[in-house]
Each structure stands twice: as C-alpha cells, then as structure tokens.
Amino acid sequence: MITPMKDRQYTNQQLSDIFQNMAYLLEIKGELIYKTLAYRKAADSLADLGRDVNEVWRAGQLTDIPGVGKAIAEKIDELLSTGGLEFQEKLHTEVPPSLVEVLQVPDVGPKKVALFWREVGITNLAELEAAARAGKLRDLPGMGPKSEAKVLAGIEALSRRTHRLPLGKAWPFANELVTYLCDVQGVQIVEVAGSLRRMKATVGDLDLLAAAIDSQPVMDAFVGHPQVLEVLGHGEIKSSVEFNNNIRVQLWVHPPERFGTALQYATGSKDHNVRLRELAIKKGLSLSEQAFTRPDGSEILCAREEDVYAQLGMPLIPPELREDRGEVQAALAGRLPDLISLDDLRSELHTHTTWSDGKLTIKEMAVEARKRGLQVLAVTDHSFSLGVAGGLSVEEVMAQQTEIDAVQVELGDKIRILQGCEVEIRADGTLDYSDEFLAELDIVIAALHTGLRQSREQVTKRMLNAIRNPHVDIIAHPTGRMIPNREGADLDMEAVLQAAAQSGVALEINAHPARLDLDDVYSRQASDRGILITVNTDAHSASELDLIHFGVATARRGWLEPQQMINTWKPDRLISWLRSRGR
DNA sequence: GCCGTTTTCGGCCCGACTGTTTTCAGTCG
C-alpha cells in the first residue's frame, strides 16, 4: 500500500531537521550537553532510518528507533498527530531561532553564541558581523582582538562555504593531496580518512593521515601547499587548511607505531568510535587516537588498524561499515558480511553508446569493457520518449541488433554483448515499448527520468507498474536523485522494496557519484530482504566505466555480499536468469 | 534525554589546537 501524502505530516528528513534544530537551541540555552546529544542522536537516527517514520509511528514502534526513548517518542507522536510541538514553540520563545545561523559560523560554538546574545543582544548573522566590525566583541570575557577577527573570518568562510562535497569531487582531490604528501621527505604512509574513507555519498571536510617520525616537515609542506587559501590551524599533530577551491582539509601526523589507532580514530564515524571506546572501557582500557592506555598509565601501541580491532576481540571492520549500524555487534559475534569487492564483478549491465547519448560506438564500448576484465556488457540505450538523450525508436533498436551481432562476431567470445534498453517509465506509468517488443530484448532496464516531482502516490504507482512488468529485469537509479542539485522522487520505498522482493526484479545501485542511487541505507534494506541488486556505471564514455568503484563502495555500505549481486554471477547464470524472466 | 552481562541511577569518548589565560575554556572532530 502506498502511504498517501495527506497522511504524512513530515518526512523522515523534516523530522530529523526539527530535532537537529532543537538540539542547537538547547545547546545555546545551556542545557545539559547530554540532553542535546540525545536530540542530535535521535535526529541522525531519523535521517538514516531506512523506513518511513510515519509507518513506524503507526506501528507503535517509535522507541525501537535507536536514540529514541519515551520523551522523544512523545514529541514525535505530538508532531505527527497534531503537526506542531508545544515544547518547540516554548523553546523558540526562550531562545531566538535565528541564533542557529550564528552557530554555523566556524569557531563560534554554543557558549560564544550565548555570550554574544546575552551580553550584546546579537540574534542573527548580520548583527554578529556588525558587532564584530564595530569592535564590540573583543572586550567580552574570554574574547580578545584575535577572537574577534576570527569571528569575521568565520563569517566570510561561511559565505564561501559550499554544501557538502560530492564523493566524485572529494575523491580525486584527496588523492592528489595524498600523492603530494607522499613526496615529502620522511613520510612513510599517507591515507585518506574520515567520511571519504567510509565512502559516504557526500563528505564535509577532507581528513588525511600521514605516518612520519618527524611531523614538522609534513605539516610545513601541507600548510605551504601552493593552493592553500588559508591556514586554519597549524600544530604538531594536527593542521587544517582551506584550499582555494573552498575545500577544507585536515591532516594528522603520527609516528608509524601509532598509525593504527590514529587511522582508526580519524576514519570514524564518531558513533562507531564511541562504541569502540565503550568496549575498551569494559576491558579496563582507555582508547584514544594515540593508544590504548591501561589504568597504570602504560600504553599499548597499534601500528595497524587490525591491531586496534584485535585488541577489542574482533576482526577488522571495513571502513564502509563503520556507521554504528550494528557492525560492532556483528564483528564481535563473528557475523560480519563477506562484502562485495571490485574483483567480484563480471558484468556491466547499463551503458550508452552513440546510438543514443553515449560517446562511444558499440564496438568501442565493448573493447573498453573487455579491457577492464568484464565478461558481459549490456548495451542499454535510451528509448524514444527521452528525446533529449536521442532515445531509440523500435526500428532503430532492431537496426542496432544487427550492429551488435556484427561486433560480437568480430570480438569473439571474450566478451558477451547483450542487447538491451533503458526504457522510459512514462509520466502515465506505461513503458515506451510494448511488452511484446521488450520480450525480444536480452535485458530490459526501466527508469524514471521525467515527472520526478509527481506526488508520492503517482510516482510510486508508476514505479510499481514497472517493477511488476515481467519483462523488466532491472530498475535503474530508482529515485532519480542528482547530488547535490536534485532530490530524488518521493517514492514510497517500503512499497518499492516489497514489490521488488515479490517480482524478483533487480534494483540498481547506480555508480555515478552524482547518483549513488539506491543509496547506502536502502541498499542495506534490500540486502536484509534478499532483493537482487545490480551495480552499474550507466557509462556514456570509457572513463565513466571507471566510476564503478563508487557503486561498489555504496553496496559495501549497504552490507551487500556478492551472491546477491547479479553482476558477480558467471555469464551463464546471469543469462539463464534473464531468460527465465518473462521472455 | 537515553540506556543497562558490573547500573532503573548515574553514567554518557577523548584529545589537539587556539586564544585567553597564568591553568583553562571553547571549539572541533
């Protein structure tokens, strides 16, 4: 059943934002830090729930959500049943809501915001800037000329700060920096850490970690990088800078014998680290980025991350899993998933050629795929109603078959070329080609490209129609999101997953870093339900075939194992699966 | 405000850096 819009006062994200916002205000109000942490934790849980919170609410299971106890469950209940929240309204009369924007200024935290508000009457960003320019902040307790200048610098930084960085931008830049730092004298290892190492779809700042006995030359090289716009901090162990592309990067340097704890720490996530430190405490140890420390003050050093986890009685947890989504418990119980890896892949099932909007001919694409060790390539050009992409008419698809046959003969059996299509799910829910015609193709991908802003009911109905069509094998990039510019369609994912499980259609994790759709959260849901998954690049050029690792990383974040992913199947198995589906 | 194989009360991760201070508070991750 599709949950109609009118029964949904708030989406998960909206609810999450409300609690996040209250957390900020409570912080400024000076509320107990653990209370604000609780609100923030609940907000994070809601954002990453993977189920519609409205359904959880109707099922009476709100307190099953991690970090949601009696008090927060009651607040969610009030929000969902009445649309408002008395607690929040009262909070807004006590703390001006516009102070939240002041809190976004780097180096201005809740204590300073409260100080500026109570002592100078500052309630928003404009007032803060005016006060700082007028020199009204420097004489406040704990402030001085430097701190005042820092506030102005922070406001400036905020204005040029871009949204979170898409993985596709962060990854190459971070790797450039890794190469740069590797060349510094005395550097033994450089690793990417933070959310980038965990391969989140978007990352905030970049975190890098280097191993060196003497940190000084590394730090100097880092802050002295020719493209550094501003040095934000420059210490012995940690430095941070902003580059002229507005990307902030911080670098830790640790001696090699401490690299394991340091890398583990810097990789996070915060919640994962908290979980590990709790475990350490139970073992009578204190864990920091420096070392494990015994009660007598002696240290246990870890040069490798494996050693950190071994000390806690578990195998290394792959970075992509470190989100405190049950991975620590699974590791302790010896039940970590055997994650999919790049080496497992045998096929690429979603590509475009010059027949529609791709840059390579069928033969060129097949050669490139073969170069990358693939055994199966599906050519899946667009269908006709996607005019902007040069979608193919029925006649053109038939003509394409002749060319595919010729290329297949020319290239031999090193690579198997499938003729498919990416058929448009039209705004009315029907598909571009007839069922009879689809049945003739080797493989059919269905996708939404238009009408993404339709109502939840409408767009979900279209999607379910495609999923239930026996001739459709794969649903491409299900929500149609584009990072960072476009939200995905408001699909009832619960209904989508259920239908996929029933029909046996495979859902795609589109590897393009602007898509990564299914995302990690829904990939995990799909994994739990045994839904078949395919990871594809949707390549329009040779270089795009190399984006596949972003998709694999997303699958890993979704706890996916190879057997559930059809791209890992041997060609014969894949083809017999395709033949068994409605053709 | 949440949470429980040492707890239903009393915990809640830990350290680096900066600027303001003469030993520490605030911010950040």
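A note on names: the letters A, B, ... follow the listed sequences, proteins ahead of strands, and every chain is numbered from 1.
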Excluding sequence neighbours, so at least two apart, what forms ring pair (Phe, Tyr, Trp, His ring centres under 6.0 Å) with [X]?
X: A:His512; result: none
X: A:Tyr180; result: A:His225
X: A:Phe173; result: A:Phe243

Between [X] and [N], is there a contact of a side-chain N or O with OP1 or OP2 at under 4.0 Å?
X: A:Lys238; N: B:dA16; answer: no
X: A:Gln250; N: B:dC17; answer: no
X: A:Tyr34; N: B:dG1; answer: no

Handout entry: Within residues 167-176 of chain A or reaching into it, pairs that qualify as side chain to side chain donor-acceptor pair (under 3.5 Å) - sequence neighbours excluded
Key = none

Can you give the donor-acceptor pairs under 3.5 Å from side chains of residues 93-105 of chain A to other protein atoms, not counting sequence neighbours?
unit_1   : atom_1 : unit_2   : atom_2 : d
A:Thr93  : OG1    : A:Lys90  : O      : 2.5
A:Glu94  : OE1    : A:Lys29  : NZ     : 3.2
A:Glu94  : OE2    : A:Lys90  : NZ     : 3.2
A:Ser98  : OG     : A:Thr123 : O      : 2.7
A:Glu101 : OE2    : A:Leu125 : N      : 2.9
A:Gln104 : NE2    : A:Val100 : O      : 2.9

Taking only N/O atoms, report every protein-nucleotides 19-23 of chain B pair under 3.5 Å with atom names and distance.
unit_1 : atom_1 : unit_2   : atom_2 : d
B:dG19 : O3'    : A:Ser147 : OG     : 3.0
B:dT20 : OP1    : A:Gly144 : N      : 3.0
B:dT20 : OP1    : A:Gly144 : O      : 3.3
B:dT20 : OP1    : A:Lys146 : N      : 3.4
B:dT20 : OP1    : A:Ser147 : N      : 3.2
B:dT20 : OP1    : A:Ser147 : OG     : 3.3

Among residues at least two apart in sequence or on other chains, which ones pass salt bridge (Lys or Arg N to Asp or Glu O under 4.0 Å) with [X]?
X: A:Glu148; result: A:Arg138
X: A:Glu305; result: A:Arg197, A:Arg322
X: A:Arg40; result: A:Glu27

Remember a base hit wins even if backbone is also touched, and classify [X] as base, sugar-phosphate or nothing at under 4.0 Å, heavy atoms.
X: A:Ser240; result: nothing
X: A:Asn273; result: nothing
X: A:Leu287; result: sugar-phosphate

Practice task
Would you jot down, in residue-number order, the residues of residues 209-226 of chain A having a non-hydrogen atom under 4.0 Å from DNA chain B?
Solution key: none

Practice task
State, without any angle test, whether A:Asn21 and A:Gln88 hold a side-chain donor-acceptor pair at a distance under 3.5 Å.
Solution key: no

Practice task
State whether the distance check finds a donor on one side and an acceptor on the other, under 3.5 Å, for side chain A:Tyr265 versus base B:dG29.
Solution key: yes

Practice task
Could you check which of B:dG29, B:dC17, B:dG26 has an atom nearest any side-chain atom of A:Trp252?
Solution key: B:dG29

Completion exercise
By side-chain hydrogen bond (donor to acceptor under 3.5 Å, both in side chains), A:Glu236 pairs with (sequence neighbours left out) none

Report all interatomic pairs (protein N or O, nucleotide N or O of nucleotides 4-8 of chain B) with separations under 3.5 Å.
none

Completion exercise
Separation of B:dC28 atom C1' from A:Leu103 atom CG, nearest Å, is 12 Å

Practice task
Could you tell me whether A:Glu242 and A:Arg248 make a salt bridge, using a distance below 4.0 angstrom between a side-chain N and a carboxylate O?
Solution key: yes

